[in-house]
Number of protein chains: 2
Amino acid sequence: MSIEEAIELLKQHGYKTTGKRKDILAFFSRADGYRTAKELIRHLEESYDGISFDTVYRNLHLYNDVGILETTELNGEKHFRFNCTDHHHHHFICKDCGKTKEISVCPMDAVQSDLHQYEIEDHKFEIYGLCPACKSA
Amino acid sequence: MSIEEAIELLKQHGYKTTGKRKDILAFFSRADGYRTAKELIRHLEESYDGISFDTVYRNLHLYNDVGILETTELNGEKHFRFNCTDHHHHHFICKDCGKTKEISVCPMDAVQSDLHQYEIEDHKFEIYGLCPACKSA
DNA sequence: CGCACAAAACGTAATCATTCTTATTTACAT
DNA sequence: ATGTAAATAAGAATGATTACGTTTTGTGCG
């Protein structure tokens, strides 16, 4: 997902393109991993004085809804990152820096037989730890 | 994990066995799935007038620390269930009733090769949806 | 049994992330 | 340029969780 694609997506859904929205996209574009609402707020405060929580959360949810961001929950806080739209996969997530690494295997194929009468809506497979950079630091 | 095993575990760690602690164990023994702190508080309020949040959360964390309970995060709320100590496995979790079904496959075996230099600390594999009972209801 | 002491529980306030509300401002199609 | 729906501000409200000073209660030991 690139910034241009994201803006295009917003337009397609009839949403406006504001400076703050572009800045939020730029933030996640640079981020390369999961970030919290708080981190985003801190970043936006540098450029915008008196940025409101509401603006941040509203746009995070909007971006999640239209598929620009994906989200996960960690330590009671929601974390967001640019959506990997291309194909289904999972992530290793660094506990220190939030950066992610793509994991190719998805266990769902092997699972179906266990859950005959069950209605599967969603699944989560994440690996947590330290990335090479944070490990050696 | 049985109530007796749990009490034994507490004693081994030098923790006292109080009426409330036994009631909490009984609650999870009967629960058969993930429950929230709120649900537990509601249950305890029936027997104990003026039960304190502190008591509930302190004991939930204690139980988690000594391995009586395991925990997962769902919709911004922590959920707890009796720990399945016997062997490593994962769960299907019903979004309606919180009941779980054991999933035999663990994807970690197939993953190691992707993460050479990474330090793996933990992982999570959960499937969400509706159990047969809630599906037909 | 009863005492002493540490652990547990109380009651409540504080905190943290997130959501809601109302009024005002802004982007963008016409 | 203007009207209008969307976006934002500012801060209060909410919901889950944690923290704190005080009081109560298990439990080991004489």
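Letters A, B, ... are given to chains in the order of the sequence lines, protein chains preceding strands, and every chain is numbered from 1. Not measured: the values here are computed from a predicted model.
- Applying the 4.0 Å criterion to OP1 and OP2 of D/dT8, one finds that A/Arg58 has a side-chain N or O inside that range.
- Nearer the 5' end of DNA chain D, as judged by each residue's closest nucleotide, is the contact made by B/Tyr57, out of B/Tyr15 and B/Tyr57.
- Side chain of A/Glu126 to backbone of A/Ile93: no donor-acceptor contact under 3.5 angstrom is found.
- When each of A/Asn59, A/Leu10, A/Leu60, A/Asn83 is checked for a side chain to side chain contact (heavy atoms under 4.5 Å, CB included) with A/Ile68, only A/Leu10 meets the rule.
- Considering every non-hydrogen atom in both A/Phe125 and A/Pro107, the closest pair reads CD2-CD, 3.9 Å.
- More than 12 non-hydrogen atoms from other residues, nucleotides or ligands lie less than 6.0 angstrom from NZ of A/Lys124.
- B/Thr36 comes within 4.0 angstrom of nothing in the nucleic acid, heavy atoms only.
- Between the CG atom of A/Leu60 and the C1' atom of C/dT19 there is a distance of 13 Å, given to the nearest Å.
- With distances taken from any side-chain atom of B/Asp54 to the nucleotides C/dC28, D/dC20, D/dA9, the minimum falls on D/dC20.
- One atom, CG of A/Asp65, and another, C1' of D/dA6, lie 16 Å apart when rounded to the nearest Å.
- Counting heavy atoms of neighbouring residues, nucleotides and ligands inside a 6.0 Å radius, atom CD of B/Gln117 does not exceed 12 of them.
- Between A/Asn75 and C/dC16 there is no side-chain N or O to OP1 or OP2 distance below 4.0 Å.
- The side chain of B/Lys78 has D/dT18 as its nearest neighbour among D/dT18, D/dA7, D/dA10.
- Distance, A/Leu10 CG to D/dA6 P: 14 Å, rounded to whole Å.
- For A/Ala37 and B/Gly19, each mapped to the nucleotide of DNA chain C holding its nearest heavy atom, the one lying further toward the 5' end belongs to B/Gly19.
- Using a 4.0 Å cut-off, no side-chain N or O of A/Thr18 falls inside it from OP1 or OP2 of D/dA6.
- Heavy-atom distances to DNA chain D give each of A/Leu62 and B/His61 a nearest nucleotide, and the one nearer the 5′ end belongs to A/Leu62.
- For A/Phe53 and D/dA13, the CZ to C1' distance is 13 Å, given to the nearest whole Å.
- A donor-acceptor contact shorter than 3.5 Å is absent between the side chain of A/Glu77 and the backbone of A/Leu74.
- Of the side-chain N and O atoms in A/Lys38, one or more sit less than 4.0 angstrom from OP1 or OP2 of C/dA17.
- The side chain of B/Lys20 places an N or O atom within less than 4.0 Å of a non-bridging phosphate oxygen (OP1 or OP2) of C/dC10.
- One interatomic measurement links the two molecules: NZ of A/Lys11 to P of C/dA27, which rounds to 13 Å at whole-angstrom precision.
- Remark: A/Thr55 is not in phosphate contact with D/dA7, judged by side-chain N or O atoms under 4.0 Å from OP1 or OP2.
- Side chain A/Lys16 to base D/dA5: a donor-acceptor pair is found below 3.5 Å.
- Atom CG in A/Leu25 sits roughly 13 Å away from atom P in D/dA7 (whole-Å rounding).
- Between the CG atom of B/Asp23 and the C1' atom of C/dA9 there is a distance of 14 Å, rounded to whole Å.
- One can place CD of B/Glu77 at 16 Å from C1' of D/dT18, the figure rounded to the nearest angstrom.
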